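Ligands are counted one by one from 1 in listed order, and the atoms in each one are counted from 1 as well. Heavy atoms only: backbone and side chains are in, while hydrogens, waters and symmetry mates are out. Bear in mind that the values here come from a model prediction, so they are computed numbers and not experimental data.
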Amino acid sequence: MDDLSTIKSAALDAVIAATDLGALEAVRVAVLGKKGSVTGLMKTLGAMAPEQRREFGAKVNELKGEVEAALEARKGTLSTSALATRLASEKVDISLPIRPEGQGVERGSLHPIGQVMDEVGAIFGEMGFTWADGPDIEDDWHNFTALNIPPNHPARQMQDTFYLPPRADGTPMVLRTHTSPVQARTMLSKDVQMRLADGGSLRIIVPGRTYRIDSDATHAPMFHQVEGLVIDRTTHMGHLKGCLVDFCRAFFEIDDLPLRFRPSYFPFTEPSAEVDIGCSWKDGELKIGAGDSWLEILGSGMVHPNVIRNCGLDPAIYQGFAFGMGIDRIAMLKYGIPDLRSFFDSDLRWLRHYGFSALESPSLTGGLGR
Ligand code: PHE
């Protein structure tokens, strides 16, 4: 009996005395381990008479339970305080001022193309468009055929295409020549088809990279476009016009920016229009806004019924508009960047001059959002 209470108080004292999880584990081993004090008591049971064994055994079991409970409780306390210690030691003081620039610390900046994509996204986002994307390496069907440009159609020569080796199944592959294949990919998606069938609408913009064999001061073999697509049962040419007028005025931050919708041709839209913005040239310098010149910035039109049909929708029910705009071009115009190639030179002096602060959010001060 004495043995029992001595072992018990020694064990419980040791549990309390343990100040970290390692020490506590050592206590557990010393009491409940193979050679532990309580385990030792268990071993004496074998030599006892049945009556005595039952009585003593019950007491040893009770003791074991108490020690286990004490160990568990202490473990909880120690883990909580271990966590608190760790949190305190790993604390980051977010109120510390950043180190001054220059002393080995350089502040990065956003590339004007990324900035312009964000601006375009913010303006169209305000109009209810969501952001969609598709692959740069595209199959011939999505890039051309779905868009009403069948094989051998002369319109294939409108775009100087980078052809890639065909896929294993023989599918001809290209680097996408425009972001328009994402129109087809989106209309074909089950989600979109279900949403449209439920009476909903589709409004997306697709900013991304595009590729054509072309290279001079205003053309690069890789460039950026943003596609827009609206499909529902009622959208008409008036909506196209209103949407693009609002966008251009917001983007260039000129409330009365003149726009000209010029009849044009694209195989995937009918009717089609190219859009010019007003500008003037003074002493060789370009100024966007009212003036006597025009600059073309985008192509647009009502989605051709064949495209709608190729994408699994009934053109007797669904209609809408699409547009495609050169991001690099509108970035050059807005921020006065004379040579397109400088976008891709990675010249640090240029990037520091034309880059944007990461903290500067796109402005909506033009026509929308006020
Ligand atoms: N994909 C056309 C181009 O790259 C632009 C466009 C898009 C025209 C959508 C009309 C509709 O030139």
Rounding to 0.5 Å, atoms CD1 (Ile317) and CG (Leu313) come to a distance of 9.0 Å
Does the N or O separation between Gln225 and ligand 1 drop below 3.5 Å for any pair?
-> yes
CD (Glu138) and CE (Met173) are apart, to the nearest 0.5 Å, by 7.0 Å
What atoms of ligand 1 come closer than 4.0 angstrom to any heavy atom of Gly299?
-> 6 (C), 8 (C), 10 (C)
Judged by heavy atoms only, the candidate from Gly326, Ala322, Gly324 nearest atom 6 (C) of ligand 1 is Gly324
Counting each atom of ligand 1 from 1 as listed, which ones have a heavy atom of Ser180 under 4.0 Å away?
-> 1 (N), 7 (C)
Counting from 1 in the order shown, the ligand 1 atoms closer than 4.0 Å to a non-hydrogen atom of Gln183 are 9 (C)
Check the side chains of Ser95 and Asp93 for a donor-acceptor pair under 3.5 angstrom, ignoring hydrogens and angles.
-> yes
Using a strict cut-off of less than 4.0 Å between a Lys/Arg side-chain nitrogen and an Asp/Glu carboxylate oxygen, indicate whether Arg212 and Asp160 qualify as a salt bridge.
-> no
Can you tell me if Asn310 and Thr145 form a side-chain donor-acceptor pair at under 3.5 Å?
-> no
With a 3.5 Å cut-off and no angle check, do the side chains of Thr210 and Gln225 form a donor-acceptor pair?
-> no
Any side-chain donor near an acceptor of the partner, Asp232 and Thr235, under 3.5 Å | yes
Determine whether the side chain, the backbone, both or neither of Ser300 has a heavy atom under 4.0 Å from any heavy atom of ligand 1.
-> backbone
Enumerated ligand 1 atoms positioned under 4.0 Å from heavy atoms of Phe323 = 7 (C), 9 (C), 11 (C)
Kindly identify the option in Met302, Glu227, Arg176 whose heavy atom sits closest to atom 9 (C) of ligand 1.
-> Glu227
Decide whether the shortest distance between a heavy atom of Arg212 and an atom of ligand 1 is less than 4.0 Å.
-> yes
Should we count CZ of Arg262 as having more than 12 external heavy atoms under 6.0 Å?
-> yes
Does ligand 1 have any atom sitting under 4.0 Å from a heavy atom of Met325?
-> no
Heavy atom of Phe268 under 4.0 Å from ligand 1?
-> yes
